[in-house]
Amino acid sequence: MRVAIGADHGGYPLKGILLDFLSAGGHEPLDCGAYGPGPSDYPDFARAVAEAVLRGDAERGILICGSGVGASVAANKFPGIRSAVCHDSFSAHQGVEDDNMNVISLGARVVGPELAKELVGFFLDARFSGAERHRRRLGKVEKIEEEYRGVCNELE
Ligand code: RB5
């Protein structure tokens, strides 16, 4: 699978480990930065990963910052991106199966490399169930995006 991956300085070392993990697992990682360990801003990498997924350059995305929270908050501002911080295996696969999560956010100051690899494995192996009740709920999420996009445009 083509997987976009991005991290700020908090997640930079873990990104390197996950890049190797993805390649070893037969995936095609797309490195969206940061490209060095110096201080950087997680919204820049959330943008790069989100745009890669929305353009279709990658099927899924992985974001890493210190806690996973900032990266997830930023990623969810992009209509069509569904991201969550997942530090347990159940959420990492159920978030895809039920909620069609397309970007997982990880906190490198919270989880170690082995757990991070396991979480990414669950995330990438999972598929959206397509069940009617989940489509209905996601339709409501999309309606919120649509309605509030209009509100934001009016405020500009
Ligand atoms: C950066 O120090 C840190 O705030 C960031 O990596 C992340 O944890 C934000 O949620």
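Not measured: the values here are computed from a predicted model. Atoms within a ligand are numbered from 1 in the order they appear, just like the ligands themselves.
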For [X], the ligand 1 atoms whose distance to one of its heavy atoms is below 4.0 Å:
X   : result
Y42 : 9 (C)
C65 : 5 (C), 6 (O), 7 (C), 8 (O), 9 (C), 10 (O)
G70 : 9 (C), 10 (O)

Looking only at protein heavy atoms, which one is nearest to [atom], and how far off is it?
atom                   : value
atom 3 (C) of ligand 1 : R109 NH1, 3.9 Å
atom 1 (C) of ligand 1 : H9 NE2, 3.5 Å
atom 5 (C) of ligand 1 : D8 OD2, 3.2 Å

(request) Using protein heavy atoms only, decide if any is under 4.0 Å from atom 8 (O) of ligand 1. (result)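 Protein heavy atom within 4.0 Å of atom 8 (O) of ligand 1: present.
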(request) Would you kindly check if the NZ (Lys) or CZ (Arg) of R60 is within the cone defined by 45 degrees around the ring axis of F123 and under 6.0 Å from the six-membered ring centre? (result)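 Flagged: R60 positioned over aromatic ring of F123.
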(request) Any chance you could lay out the salt bridge (Lys or Arg N to Asp or Glu O under 4.0 Å) test for K15 and D31, step after step, and finish with the verdict? (result) CA-CA 9 Å; K15 176 167 71 70; D31 188 352; 3.0 Å; yes
(message) Can you confirm whether R2 is buried at CZ, in the sense that more than 12 heavy atoms of other residues, nucleotides or ligands lie under 6.0 Å from that atom?
(response)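 Above 12, so yes.
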(message) Minimum heavy-atom separation for A74 and A46, please, with both atom names.
(response)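 What the structure gives for the nearest pair is CB-CB, 3.6 Å.
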(request) Check G70 against Y42 and note the closest heavy-atom contact, atom names and distance. (result)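 The answer is O-CE1, 3.1 Å.
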(message) Test: ring-ring contact (aromatic ring centres under 6.0 Å, His included). Region: residues 84-117. Which pairs qualify, not counting sequence neighbours?
(response)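 Applying ring-ring contact (aromatic ring centres under 6.0 Å, His included) to every pair that reaches into residues 84-117, excluding sequence neighbours, yields F90-H93, H93-F122.
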